Amino acid sequence: MINGKKIIAVLPAYNAALTLKKTYDEIPFDIVDDVVLVDDHSKDNTSEVAKSIGIKHVIRHEKNKGYGGNQKTCYDTAMELGADIVIMLHPDYQYTPKLIASLSYLIANDLYPVAFGSRILGKGALKGGMPLYKYIFNRFLTFTQNVLVNQKLSEYHTGYRAFSKEVIQKINYHANSDDFVFDNQMISQIFYAGFDIAEVTCPTKYFPEASSINFRRSMKYGIGVLGVSFRHFFNRIGLMNSEIYKTKN
């Protein structure tokens, strides 16, 4: 805990058996109270590895629900366990768990309700091996999104995120896609609901065992991201009234 606030790390996993232990071992358990791993019907033994290294809350989907569907289970479970702060950490070791403390303190000290680890602040992305086409794609999409959403994030595509309980409880993330665009829909909802997002420079690693979507999926994701941003813009100026922006009571 930090300032009496319970911190739960959620790990949305798919075929993460080779990198899970390395990720888990770097989690700062002096402040993290619990870990939830959701195995999205992996083809390897991710669930068995998770249990063997001591993760108490291991949930395996009986069929693959997609990246967004995995996160929905993650956040639902964290809320059921009484989390005050939820850290979304990928178990593929692409992001260092050592930044959990920095992200958590921003929320626990009531400075921000949401905090992201950004690969773009500094030179972490290219130094860590991000493919050049993904870097260019990231910069183009982020610029366009900032214009449409009227914000100034350094990137909208990081998978390293921390949320306060209030944010998870308010936004209607169950109305979002079960695919990769879920992440961008969630950012759009957060800003639309009036919450601010802090960013912390985050080193990243690209290597064969780390999960990454291919070029075709990247194009589909990019089109989806632009769709989310235009929908946000049209809702913001009053031309649309989309379901995803209806907050929960």
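Predicted, not measured: the structure shown is a model, and the values here were computed from it.
A donor-acceptor distance shorter than 3.5 angstrom exists from the side chain of Q189 to the backbone of N172, with no hydrogens or angles considered. Not one N or O on the side chain of D196 forms a donor-acceptor pair closer than 3.5 Å with the backbone of Y112. Side chain of R161 to main chain of D183: a donor-acceptor pair is present (N/O by atom type, distance under 3.5 Å, no hydrogens or angles). With hydrogens and angles disregarded, no donor-acceptor distance shorter than 3.5 Å links the side chain of Y95 to the backbone of C202. The closest donor-acceptor contact from the side chain of N235 to the backbone of S242 lies under 3.5 Å.
Proximity of V36 to I8: side-chain heavy atoms (C-beta onward) are separated by under 4.5 Å at one or more points. No side-chain heavy atom of K56 sits under 4.5 Å from any side-chain heavy atom of V35. Looking at L153 and Q145, their side chains never come closer than 4.5 Å, going by heavy atoms from C-beta outward. Between K134 and S218 the shortest side-chain heavy-atom distance falls below 4.5 Å.
Ion pairing between a basic and an acidic side chain is recognised when a charged N comes within 4.0 Å of a carboxylate O; D40 and K63 show no such pairing. Ion pairing between a basic and an acidic side chain is recognised when a charged N comes within 4.0 Å of a carboxylate O; D39 and R60 show such pairing. The pair D76-K72 does not meet the salt-bridge criterion, since no charged nitrogen lies less than 4.0 angstrom from a carboxylate oxygen. Salt bridge absent: D84 and K6 never bring a charged side-chain N and a carboxylate O closer than 4.0 Å.
Among residues two or more places apart in sequence or in another chain, the ring-ring contact (aromatic ring centres under 6.0 Å, His included) test is passed with H232 by Y192, Y245. Evaluation of the salt bridge (Lys or Arg N to Asp or Glu O under 4.0 Å) rule for E199 yields no partner, not counting sequence neighbours. Among residues two or more places apart in sequence or in another chain, the salt bridge (Lys or Arg N to Asp or Glu O under 4.0 Å) test is passed with K246 by E243. Partners of F29 by ring-ring contact (aromatic ring centres under 6.0 Å, His included), not counting sequence neighbours, listed by chain and number: Y24.
In this model, no donor atom of one side chain and acceptor atom of the other lie less than 3.5 Å apart for T19 and D92. Side-chain N/O atoms of S177 and D179 include no donor and acceptor closer than 3.5 Å. With no hydrogens or angles considered, no side-chain donor-acceptor pair links N176 and Q71 at under 3.5 Å. Residues Q94 and Y160 have side chains that never bring a donor and an acceptor to within less than 3.5 angstrom of each other. Side chain to side chain, Y14 and H41 fail the donor-acceptor criterion of an N or O pair below 3.5 Å. Counting only N and O atoms by type, the side chains of T73 and H61 include a donor and acceptor under 3.5 Å apart. The closest side-chain donor-acceptor pair between T158 and S118, if any, does not fall under 3.5 angstrom.
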Determine, stepwise, if the pair H57 / E80 fulfils side-chain hydrogen bond (donor to acceptor under 3.5 Å, both in side chains).
-> CA-CA 12 Å; H57 306 285; E80 290 169 5; over 6 Å; no
Report the C-alpha separation of D178 and Y67 in whole Å, then their side-chain angles, then the decisive distance to 0.1 Å, and conclude whether the side-chain hydrogen bond (donor to acceptor under 3.5 Å, both in side chains) test is met.
-> CA-CA 6 Å; D178 286 340; Y67 178 61; over 6 Å; no
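Under a 4.5 Å side-chain heavy-atom cut-off, the cluster of Ile, Leu, Val, Met, Phe, Trp and Tyr residues that includes F143 is completed by V147.
Sorted by first and then second residue, the side-chain hydrogen bond (donor to acceptor under 3.5 Å, both in side chains) pairs with a member in residues 98-109 read N3-N109; sequence neighbours excluded.
A side chain to side chain donor-acceptor pair (under 3.5 Å) with E155 is found for exactly one of T142, N138, N146, namely N138. With respect to L37, the side chain to side chain contact (heavy atoms under 4.5 Å, CB included) criterion is satisfied by exactly one of L20, I59, V49: L20.
In this structure, CD1 on I190 lies 12.0 Å from CD on Q185, to the nearest 0.5 angstrom.
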